[in-house]
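Handing you this structure, nothing more for now.
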Amino acid sequence: MGIKVYNSLTKKKEEFLPLEPYGVKMYVCGPTVYDLSHIGHARSAIAFDVIYRYLKYRGYDVTYTRNYTDVDDKIIERAQREGTSTEEVSERYIKAYDEDMAALGVSLPTHRPRATETIPEMIEAIEGLIEKGYAYVVDGDVYYSVRKFQGYGKLSGKNIEELEAGARVEVDERKKDPLDFALWKKSKQGEPWWESPWGRGRPGWHIECSAMCIKYLGETIDIHGGGKDLIFPHHENEIAQSEALTGKPFARYWLHNGFVNIEKEKMSKSLGNILTIRDALKLHTPESIRLFVLSSHYRSPVEYSHSTLKEAEAKAERFYRTLLRIKEEFPQTLEAKLPEERLAERLKPFLDAMDDDFNTAHTIGLMFEEVSRANKLLDSASGRTPEETKEELSAIVSVFGELSRILGVFERSPEAYFTNLKSHAPIPVEEINALIKEREEARKRRDYARADAIRDELKEKGIILEDTPEGTRWFVR
RNA sequence: GGCGGCGUACCCAAGUGGCUAAGGGGGCAGUCUGCAAAACUGCUAUUCAGCGGUUCGAAUCCGCUCGCCGCCUCCA
C-alpha cells in the first residue's frame with residue numbers, strides 16, 4: 001500500500017503517485033516578509049516539513065521549493081512608515097523567518113527563491129499570457145481575464161456568477177471585469193519598480209508563485225501546499241495563470257493545512273490575536289511547539305492555549321524521561337541497530353499511519369504505546385532474561401530513532417533536553433544545588449519537616465525533586 | 001446568500017462499515033517511597049451533538065435538525 005493524500009482539488013483522499021516514479025516536486029507558498037511570523041506560519045511550515053521529510057524517508061527524491069514574497073503592498077507600506085527601503089524590510093524579516101524556522105527544527109527546502117529574483121520569468125509569463133489572449137494591458141497595468149479561463153473555480157468550488165454577484169472584489173474601472181486580477185502593477189511614486197514592456201512596475205502576488213514554481217520545478221508539479229486561506233483566490237489564480245500559459249495541469253495534488261485558532265478564532269493580524277513564534281519560544285520549548293502541531297492532523301484546526309501547550313510539554317517530558325531510564329539502565333540499547341527486516345516489521349503500524357494522509361497524530365499516539373511498553377519492561381522482569389529485555393528495548397529505541405527523524409521531534413538526547421529545561425530555571429542553579437544539599441543533610445538527620453519544606457519551596461518555583469538510590473535530582477516543569 | 005469543514009470522556013485528540021472506541025493531560029484509588037516524584041496497576045465514553053434512514057452490522061454511509069468555525073477582501 002502506498003501513500004494516500006487528501007487532495008483539495010478533488011476533495012478526496014487519493015493514492016499518491018508522482019509524475020516521475022521516484023521524484024517528487026513540491027511547492028509551498030512561503031511568507032510575505034513584512035513582519036514577524038506567528039504560530040500559524042509555524043504550523044504550516046512544520047506540517048509541510050514533515051511531509052517533505054516523510055516523502056524523502058519513503059525513498060522519493062524530493063525537490064522542495066518554498067518562496068519568500070519580498071515585493072508586496074504591505075512591505076512597501078511598512079518601508080514607507082519606517083522611512084526605509086523595501087529591501088531592508090524584507091531582508092530583516094527573511095532573516096527572522098529563517099531563524100524562527102531553524103529554532104523550530106524546520107529543515108531547509110531545496111530552493112528558497114525570492115520573488116524579486118524571479119522578475120524576468122514573471123515578465124515572460126505575463127507576455128505569454130497576453131499573447132495567448134488571457135491578459136490585457138491598461139495604461140501600464142496588466143490584468144488577467146478570469147472569464148477566459150475555463151475551469152476557473154475548480155479548486156475553491158466557486159463559480160464565476162456567484163463571485164460576480166458577491167461583488168466583494170475590488171472596484172477598479174480599468175479592469176474589464178471586476179473579477180480580473182493584476183498580473184503587473186504600474187509603480188507609483190516611491191515604490192520599487194522593474195522595467196517591463198508595459199513600463200516601470202512590479203508583479204502581482206499570484207504571478208510570483210506561478211513563475212517561481214515553474215522556474216524551479218517545472219510546468220507540472222506533484223504537490224502544491226499552503227494554508228487553507230490561500231485556496232481562494234491565491235491558488236485558484238495560480239492555476240488559472242499557469243494552466244493558461246502552459247496548457248498543462250499545474251499541480252496534481254493540492255494540500256492545505258488548517259489554522260491555528262486562539263479562543264476558537266483564526267489567528268490573524270487583522271483580528272489582532274496573533275502570537276509570534278518568538279514570543280511562543282519564550283514560553284515553550286521548540287519541541288513542545290512541534291509536538292503540539294503534530295498531535296493533531298494537519299488539516300484540522302488546532303486550538304492554541306496555555307493548557308494545550310502544557311499538555312505537549314508533558315508529552316515531551318514523558319518521552320524523554322523514559323528514554324533517560326532506558327539509557328541509564330540499558331545504555332547499550334541506544335546504539336543498537338536492529339536488522340533491517342525486523343525494523344521494517346516494527347515500523348509498519350507507524351508508517352501505515354503516516355501513509356494515511358500524514359497522520360502524525362496517530363503516529364505519535366502509537367509512539368506513546370511504545371513508551372508504556374518500555375516502562376513496563378523496565379519495571380518488571382516477569383520471566384524475561386536481561387538479554388531479552390535488552391533486545392526488546394533496543395527494538396523500541398530503534399523505532400523511536402526512525403520516527404524522530406521523520407517527525408523532527410525527540411531527536412535530542414534526554415540529557416540535552418533536560419539540561420535545556422534547567423537553563424530556564426527561575427532561580428540560579430547554584431541556589432538549587434545548595435538547597436538540595438541542605439535537604440539531603442536534613443534527611444540524614446531525619447529532619448523530614450525541613451526536608452519537605454525545601455522540596456515544597458522548590459516545587460512552587462516549578463522545580464521537581466526526585467530522590468533516587470544515587471541521590472537527589474531535579475527537573476524543571 | 002454561495003462554498004467548505006467540524007461536533008468522539010472533565011480537557012486535548014486518533015479512529016470514517018465488523019476484533020476490547022488509540023494516545024496524552026487531569027482526577028480518584030493502589031504498588032513503590034520516611035513522605036514525595038517518576039513508573040506501573042485499576043477506575044474515569046455500553047457510547048461517538050440530536051433525530052430518522054440504509055445495512056446482518058454505523059462513531060464511521062445517506063437525510064434532516066441544532067451548535068461551532070473557515071473561505072467568498074490581504075492572510076499560513
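Here is how names work: the chains are called A, B, and so on, in the same order as the sequence lines, proteins then strands, and each is numbered from 1. What you see is a predicted model; the values in this text were computed from it and never measured.
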> For B:rU8, which nucleotide is its Watson-Crick or G-U wobble mate, given both distances must be under 3.5 Å?
Replying inline: B:rG15

>> What is the distance, to the nearest angstrom, from the CZ atom on A:Phe475 to the C1' atom on B:rA38?
In response: 8 Å

> Is A:Lys376 near enough to B:rU41 that one of its side-chain N or O atoms lies under 4.0 angstrom from OP1 or OP2?
Replying inline: yes

> When the ring planes of A:His224 and A:Tyr27 are compared, do they come out parallel, tilted or perpendicular, using 30° and 60° as the limits?
Replying inline: tilted

> What nucleotide among B:rC12, B:rA76, B:rG23 has an atom nearest to a side-chain atom of A:Val260?
Replying inline: B:rA76

> For the side chain of A:Asn359 and the base of B:rG15, is some donor closer than 3.5 Å to an acceptor across the two?
Replying inline: no

>> Between A:Lys459 and A:Met267, which residue's closest nucleotide on RNA chain B lies nearer the 5′ terminus?
In response: A:Lys459

> Is B:rA39 paired to anything, Watson-Crick or G-U wobble with both distances less than 3.5 Å, and if yes, which nucleotide?
Replying inline: B:rU31

> Considering only heavy atoms, which members of residues 151-159 of chain A lie under 4.0 Å from some atom of RNA chain B?
Replying inline: A:Ser156, A:Gly157, A:Lys158

> Short question: side chain of A:Asn67, backbone of A:Gly30 - any donor-acceptor pair under 3.5 Å?
Replying inline: yes

> Just how far, in rounded Å, is C1' of B:rG24 from OH of A:Tyr320?
Replying inline: 16 Å

> Is there a Watson-Crick or G-U wobble partner for B:rG1 with both distances under 3.5 Å, and which nucleotide is it?
Replying inline: B:rC72

> Would you say the side chain of A:Lys25 lies within less than 4.5 Å of the side chain of A:Arg252, judging by non-hydrogen atoms?
Replying inline: no

>> What's the closest nucleotide to the side chain of A:Asn261 if the choices are B:rC69, B:rA39, B:rC72?
In response: B:rC69

> To the side chain of A:Arg318, which of B:rC12, B:rC40, B:rA76 is closest?
Replying inline: B:rC40

> Using 30° and 60° as the class limits, which term best fits the ring planes of A:Phe232 and A:Tyr152: parallel, tilted or perpendicular?
Replying inline: perpendicular

> Would you say B:rA76 has OP1 or OP2 under 4.0 Å from some side-chain N or O of A:Asn257?
Replying inline: no

> Parallel, tilted or perpendicular: which describes the rings of A:Phe16 and A:Tyr253, with under 30° parallel and over 60° perpendicular?
Replying inline: tilted

>> Applying the Watson-Crick and G-U wobble criteria at under 3.5 Å, what pairs with B:rC61? Answer none if nothing qualifies.
In response: B:rG53

>> Ignoring hydrogens and geometry beyond distance, is a side-chain donor-acceptor pair present between A:Tyr93 and A:Arg78 at under 3.5 Å?
In response: yes

> A:Lys444 has an atom NZ; how far is it from atom C1' of B:rC35, in whole Å?
Replying inline: 18 Å

> Do A:Trp474 and A:Ile432 come close enough that some side-chain heavy atom pair is under 4.5 Å?
Replying inline: yes

> Between the base of B:rG34 and the side chain of A:Arg443, is there a donor-acceptor distance below 3.5 Å?
Replying inline: yes

>> Does a side-chain N or O of A:Ser380 approach OP1 or OP2 of B:rU31 to a distance below 4.0 Å, or not?
In response: no

>> Side chain of A:Ala361, heavy atoms from C-beta onward: which of B:rA14, B:rC35, B:rC12 has the nearest atom to it?
In response: B:rA14

>> So if I take every side-chain heavy atom of A:Lys266 and compare against B:rC12, B:rG70, B:rA36, which nucleotide ends up nearest?
In response: B:rG70

> With no angle test and no hydrogens, is the base of B:rG24 tied to the side chain of A:Glu311 by a donor-acceptor pair under 3.5 Å?
Replying inline: yes

> Taking NE2 from A:His362 and P from B:rA22, how many angstroms apart are they, rounded to a whole number?
Replying inline: 11 Å

>> As a test of reading the structure: which of B:rA39, B:rU73, B:rC35 is closest to the side chain of A:Asp452, going by heavy atoms?
In response: B:rC35

> Between B:rA37, B:rG24, B:rC40, which nucleotide has the shortest distance from any of its atoms to the side chain of A:Lys315?
Replying inline: B:rG24

> Will you find, in the side chains of A:Glu402 and A:Ser398, an N or O donor that is under 3.5 Å from an N or O acceptor?
Replying inline: no

> Any idea how A:His256 and A:His235 line up, ring-wise: parallel (<30°), tilted (30 to 60°), or perpendicular (>60°)?
Replying inline: tilted

>> In whole Å, I'd like the distance from the CZ atom of A:Arg473 to the P atom of B:rA36.
In response: 19 Å

> A:Ser296 side chain: which of B:rA14, B:rA76, B:rG34 is closest?
Replying inline: B:rA14

>> Measuring from the side chain of A:Asp229 (C-beta onward, heavy atoms only), which nucleotide among B:rA76, B:rG34, B:rC72 has the closest atom?
In response: B:rA76

>> Taking the minimum atom-to-atom distance to the side chain of A:Glu265, which one of B:rA14, B:rG70, B:rG34 wins?
In response: B:rG70

> Once you round it to whole Å, what is the distance between P of B:rC72 and NE2 of A:His235?
Replying inline: 13 Å

> Any N or O donor-acceptor pair linking the side chain of A:Arg455 to the base of B:rA36 at under 3.5 Å?
Replying inline: yes

>> Between B:rU60 and B:rA36, how far apart are the two P atoms, rounded to whole Å?
In response: 46 Å

